[in-house]
Amino acid sequence: MEFDPAKKTLVIVESPTKANTIKKYLPKNYSVVASKGHIRDLPSDTLGVDIEDNFKPHYVITEGKESRVNDLQKKLEGSEQLLLATDEDREGESISWHLMELLKPEVPTKRMVFHEITKKAVTEALSKGRELDLALVKAQEDRRIVDRLYGYEVSPVLWKRLSNKKLSAGRVQSVGLRFIVDRENERLTYVPSVYYDVKVLLETKDSKRFEATLDEYKEKRVATSKDFDSTTGQFNGKTLLLDKKLADEVEKICNENPFFIESVTHKTSKSSPLPPFTTSTLQQVANRRLRLSSKETMRVAQSLFENGFITYMRTDSVNLSSECISLAREQIKSDYGTEYLSSRERHFENKSKNAQEAHEAIRPAGDVFRRPDESGLKGKELALYTLIYQRTLATQMSEAIKSTTTVKVKCQDARFTSSGTSVVFPGYLKVYGTDQDDEEKETSLPSVSAGDEEKLISINGKEHVTQPPARYNEASLIKKLEEKGIGRPSTYATIISTLLDRGYAIEKDRSLIPSFTGFAVNGLMNESFKDLVDYSYTSEMEDQLDKIANGEGDALRYLQDFYYGKGSVKGLNSLVQGARSDHFDAKLLTFPHLSGVANVEGEVKYQIKVGPFGAYLLLDKKKDDGKAVMINLPDTLCPGTLNDDDIALLIKNTLHPEETTVDNKTQLKSGKHGQYWQRGDKTCNVPKSKKSADSYTEEEIDFYFSLPKAIASDEEGNEIVINNGPYGGYITYKGANYKVFGPLTELTAEKALSLVSRDGASSKGVEYSPFEGKAVSIKKGRFGSYLKWGSENIALTKDEKARSAELTQEEVEDIIKRHEQNTQKETIESSRGVYDGKPIEVLSGRYGVYIKCGDKNYRLSKADQERSDSLTSEELVNIIKAQEEKSLPLMDFGTFEGKPLRVLNGRFGAYLKWGDVNIALSTKIKNDLASLTEDVAKELVRAKM
């Protein structure tokens with residue numbers, strides 16, 4: 001069936017935002033509607049897969065989508081052609097297939113794909129319709145079935161063996177957990193090593209100073225941190241390990257002998273820009289640079305894509321189109337000059353084995369690259385777009401050129417090295433910078449020549465202790481998953497979110513720390529489902545899915561091998577059967593750094609176990625009823641942050657609470673949110689710091705119990721109050737809170753005053769006269785001063801921040817008016833119509849979709865909520881008018897005791913309203929409102945008073 005551009009055509013996409021964006025690029029005879037994601041899926045209450053019938057899935061309409069399906073069917077009935085314009089990845093292909101299966105269109109149907117939402121891309125896609133890619137659909141279906149089998153078969157084993165029905169297992173989720181736990185085990189078994197280095201500060205003849213580090217002694221290279229195994233901490237023995245004795249020996253030689261420049265070398269190096277962003281690298285860099293979680297990155301990227309700012313954000317490809325490269329090169333030439341343009345077009349090769357999710361990397365969309373400051377974006381959207389824009393431009397920029405000078409300095413048997421690096425030409429660094437966490441800082445060395453004698457100013461031998469491997473953070477875990485070929489980049493955000501939501505790990509200082517529950521789940525998976533969490537096995541599963549997507553694999557064989565096994569590898573079925581009959585205690589946890597014995601009045605033996613409410617200590621002590629003593633471990637404690645002293649303190653607190661004191665009157669206890677002191681009925685959180693709770697002096701504890709208290713006042717007498725909360729120390733000043741880094745005991749009045757006035761705003765003029773009935777004031781926030789008007793926070797310009805202490809009443813009112821104008825303009829531009837001069841918005845709230853017009857909200861019926869994205873401006877206005885009319889008083893009795901007394905029409909019929917008080921009417925009065933006289937109404941009010 002051929003497509004006719006003149007016929008009435010229905011276009012189906014996933015989201016209302018995407019629908020609104022592409023609608024303006026389509027002919028008038030095309031209508032666009034959103035499926036709002038999947039409309040069919042496996043049932044939520046049963047397995048939904050017939051294993052005996054070749055793993056046949058049983059699909060049902062997604063809960064709550066029945067009316068959406070009906071609406072789609074009605075729209076299709078009035079159309080002559082159908083275009084399925086869901087996203088171009090496997091998920092999008094699957095959604096289109098489900099739409100076909102459910103709607104069963106009898107009109108010509110095509111698949112429409114585009115990797116950016118621009119007029120040109122959408123227009124071209126109209127003429128390049130294709131058939132559904134059933135290989136992609138099958139790969140996605142197999143993935144869904146495998147994930148369902150995995151979850152439904154393995155999770156109940158976790159529930160039973162660990163007595164917790166909140167637990168779950170997942171094909172990629174469980175492997176992600178294994179990475180985190182394996183790394184923590186490496187840290188727990190790591191044996192730190194000690195080594196020394198020696199640094200000297202030298203001065204040249206022209207009084208220029210530079211620092212050099214000992215790198216060779218008696219013709220042997222001196223050991224650095226790189227000479228210790230990163231996993232075990234063991235020294236490799238290939239270099240000279242400098243201890244205190246040798247360091248002192250070197251220091252003695254240096255103090256007694258002259259220093260001479262042995263050699264000076266200069267080296268020029270070039271560095272090339274990184275490839276453009278893929279899904280994975282975007283998540284990693286956004287996490288490092290913007291402090292965005294992977295989940296937040298994908299949410300913001302989705303918004304940018306659907307609003308036409310970037311190309312499709314789920315991609316493994318680093319390819320850039322010729323058009324993109326030309327645009328980038330023209331922009332570089334225009335903005336930075338030809339010297340910053342690479343000599344030739346730069347293309348990149350995909351490192352991912354099966355890069356196929358989209359044919360292009362993530363880049364700015366359109367045939368003109370919108371500069372970030374011209375995009376109109378704000379906040380996180382602007383930050384992420386800027387990152388993508390800069391990375392794309394950088395790919396076509398010239399290399400960065402650096403010059404490194406290395407100076408070798410000799411003093412008898414000791415040789416020192418000093419290096420300085422400077423950027424000769426920034427190239428792409430001018431736009432993008434570097435993603436390296438350990439970015440080499442630009443340093444310079446004084447001009448020296450071989451043979452020069454230098455003067456020793458100081459020498460310092462310093463002890464170093466090697467550090468265990470760093471814990472994973474979101475960025476490094478994503479990188480690891482991608483390196484091992486586990487999961488798809490588009491799923492990484494969900495994986496990490498699940499690990500945190502399930503309580504398998506906590507995030508602290510941006511590191512992922514496995515919890516006791518995480519250790520227990522991982523231990524059970526490794527013991528009973530070893531193959532399922534094997535890195536190579538999971539990676540091979542991804543490879544097989546990719547082959548199916550490419551039309552090269554057998555989809556049924558894949559499911560059979562997974563469920564029944566293949567060769568020496570057991571299948572899910574046999575693994576589950578075996579796990580059910582295992583008898584080892586999965587709840588019992590052991591750790592290499594915990595002895596199992598606490599020194600409390602001799603020795604108390606303990607075990608660490610997990611149960612339905614988390615981890616707990618099981619002691620060899622009995623209570624009066626003969627049961628063993630159990631002590632719950634706070635949620636804030638993890639195996640990697642717990643030691644024997646902590647456990648001894650917990651046990652002592654429980655067995656002898658009356659004796660667990662830091663001084664004669666203070667008890668030290670542990671709760672859900674960590675340790676705290678108690679004196680009588682008063683409690684005080686132990687400050688969040690590296691200092692242990694039992695190391696605080698009596699005077700320090702007295703200080704924390706005295707909080708909150710004023711530490712200083714500004715020149716107008718406004719107090720600065722310090723306090724200690726669950727998240728650490730903070731200052732309260734003029735209604736705003738400021739976090740204090742470091743011990744509160746060391747906070748002086750001067751420091752406190754500096755903290756609250758760090759951007760130039762003082763206490764002067766921060767309170768203003770109300771404007772339009774709302775309070776006005778200048779507040780302090782994380783990013784400096786801002787204007788608070790009622791409940792709204794209004795950003796100030798750089799100049800206004802600098803003058804925030806001197807802003808007049810007239811100026812702040814002008815700022816508010818500017819804010820209102822900008823807000824109204826933005827709202828009108830994105831609105832669905834106008835009523836009574838106010839923009840109409842259709843928003844999603846706690847109780848569903850509703851209309852907002854000005855400062856009033858209007859309900860939508862269930863039917864209207866389901867078709868909310870297609871409601872016309874006229875329909876929205878009619879709904880508002882109907883509810884406005886409905887809200888008019890049915891009866892008005894004037895005022896009673898100074899408050900208006902009226903009868904209004906509500907959700908459940910007529911009711912009496914007196915001021916702000918609602919008074920129900922009997923059914924009899926509702927059915928005969930004429931019987932409700934003014935006297936009767938007043939009697940009802942008196943009865944309510």
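As a basis for the values below, the full set of heavy atoms in this structure was taken, side chains included, without hydrogen atoms, waters or symmetry mates.
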Please report the C-alpha distance between Arg288 and Gln283 in whole Å, then the side-chain angles of each, then the deciding distance to 0.1 Å, and finally whether the side chain to side chain donor-acceptor pair (under 3.5 Å) criterion is met. CA-CA 9 Å; Arg288 278 198 295 265; Gln283 292 177 36; over 6 Å; no
Give, for atom [atom1] of [X] and atom [atom2] of [Y], the distance between the pair rounded to the nearest 0.5 Å.
{"X": "Asn164", "Y": "Arg502", "atom1": "CG", "atom2": "CZ", "answer": "9.5 Å"}
{"X": "Glu483", "Y": "Ser476", "atom1": "CD", "atom2": "OG", "answer": "10.0 Å"}
{"X": "Leu575", "Y": "Ser528", "atom1": "CG", "atom2": "OG", "answer": "9.0 Å"}
{"X": "Glu153", "Y": "Gln577", "atom1": "CD", "atom2": "CD", "answer": "8.0 Å"}
{"X": "Arg171", "Y": "Tyr537", "atom1": "CZ", "atom2": "OH", "answer": "9.5 Å"}
{"X": "Thr395", "Y": "Leu393", "atom1": "OG1", "atom2": "CG", "answer": "7.5 Å"}

Please report the shortest heavy-atom distance between [X] and [Y], naming the atom on each side.
{"X": "Ala586", "Y": "Leu162", "value": "O-CD2, 3.4 Å"}
{"X": "Thr278", "Y": "Asp316", "value": "CG2-O, 3.6 Å"}
{"X": "Gln396", "Y": "Ala328", "value": "CG-CB, 4.1 Å"}
{"X": "Leu158", "Y": "Met525", "value": "CD2-SD, 4.2 Å"}
{"X": "Leu83", "Y": "Leu126", "value": "CD1-CD2, 3.6 Å"}
{"X": "Glu542", "Y": "Gly485", "value": "CG-O, 3.4 Å"}

Is a side-chain N or O of [X] found less than 3.5 angstrom from the main chain of [Y], in a donor-acceptor match?
{"X": "Arg40", "Y": "Leu102", "result": "no"}
{"X": "Lys566", "Y": "Gly571", "result": "no"}
{"X": "Lys119", "Y": "Gly366", "result": "no"}
{"X": "Asn522", "Y": "Gly518", "result": "no"}
{"X": "Asn473", "Y": "Ala475", "result": "yes"}
{"X": "Trp159", "Y": "Leu167", "result": "yes"}
{"X": "Thr311", "Y": "Ala361", "result": "yes"}
{"X": "Glu66", "Y": "Gly64", "result": "yes"}
{"X": "Ser96", "Y": "Glu93", "result": "no"}
{"X": "Thr62", "Y": "Lys65", "result": "no"}

Verify whether one side chain among [X] and [Y] offers a donor that lies under 3.5 Å from an acceptor in the other.
{"X": "Tyr312", "Y": "Glu360", "result": "no"}
{"X": "Gln81", "Y": "Thr9", "result": "yes"}
{"X": "Asp182", "Y": "Tyr472", "result": "no"}
{"X": "Arg68", "Y": "Gln73", "result": "no"}
{"X": "Thr21", "Y": "Glu306", "result": "no"}
{"X": "Asn319", "Y": "Ser317", "result": "no"}
{"X": "Ser536", "Y": "Glu540", "result": "no"}
{"X": "Tyr428", "Y": "Ser271", "result": "yes"}

I'd like to know whether [atom1] of [X] has more than 12 heavy-atom contacts from other residues, nucleotides or ligands below 6.0 angstrom.
{"X": "Lys295", "atom1": "NZ", "answer": "no"}
{"X": "Arg557", "atom1": "CZ", "answer": "no"}
{"X": "Glu552", "atom1": "CD", "answer": "yes"}
{"X": "Arg344", "atom1": "CZ", "answer": "no"}

Anything under 30° is parallel, anything over 60° is perpendicular, the rest tilted; go ahead and classify Tyr389 against Phe369. perpendicular
Side chain to side chain contact (heavy atoms under 4.5 Å, CB included) between Ser294 and Ile478: does it pass, once the steps are laid out? CA-CA 9 Å; Ser294 52; Ile478 289 170; 3.7 Å; yes
Worked check of side chain to side chain contact (heavy atoms under 4.5 Å, CB included) between Leu304 and Leu384: CA-CA 9 Å; Leu304 290 173; Leu384 194 64; 4.2 Å; yes
In terms of side-chain geometry, is the basic nitrogen of [X] or [Y] positioned less than 4.0 Å from the acidic oxygen of its partner?
{"X": "Asp546", "Y": "Arg90", "result": "yes"}
{"X": "Arg329", "Y": "Glu345", "result": "no"}
{"X": "Asp543", "Y": "Lys547", "result": "no"}
{"X": "Glu14", "Y": "Lys36", "result": "no"}
{"X": "Lys479", "Y": "Glu482", "result": "no"}
{"X": "Arg488", "Y": "Asp89", "result": "no"}
{"X": "Glu131", "Y": "Lys110", "result": "yes"}

Going through the checks in order, is the salt bridge (Lys or Arg N to Asp or Glu O under 4.0 Å) test met by Lys530 and Asp534? CA-CA 6 Å; Lys530 188 174 182 179; Asp534 181 78; over 6 Å; no
So [Y] and [X], do their side chains get closer than 4.5 Å, heavy atoms only?
{"X": "Val11", "Y": "Val33", "value": "no"}
{"X": "Arg314", "Y": "Gln302", "value": "yes"}
{"X": "Leu149", "Y": "Leu47", "value": "yes"}
{"X": "Ser342", "Y": "Glu399", "value": "no"}
{"X": "Arg143", "Y": "Asp147", "value": "yes"}

Go through Asp501 and Thr498 one step at a time and tell me if the side chain to side chain donor-acceptor pair (under 3.5 Å) criterion holds. CA-CA 5 Å; Asp501 292 344; Thr498 301; 5.7 Å; no
Evaluate side chain to side chain contact (heavy atoms under 4.5 Å, CB included) for Asp41 paired with Arg144, printing each intermediate quantity in order. CA-CA 9 Å; Asp41 198 3; Arg144 185 73 184 94; 3.1 Å; yes
Side chain to side chain contact (heavy atoms under 4.5 Å, CB included) assessment of Glu474 paired with Glu507: CA-CA 9 Å; Glu474 286 204 22; Glu507 191 169 20; 4.1 Å; yes
Tell me whether the NZ or CZ atom of Arg363 lies within the 45° cone about the ring axis of Phe277 and under 6.0 Å from its centre. no
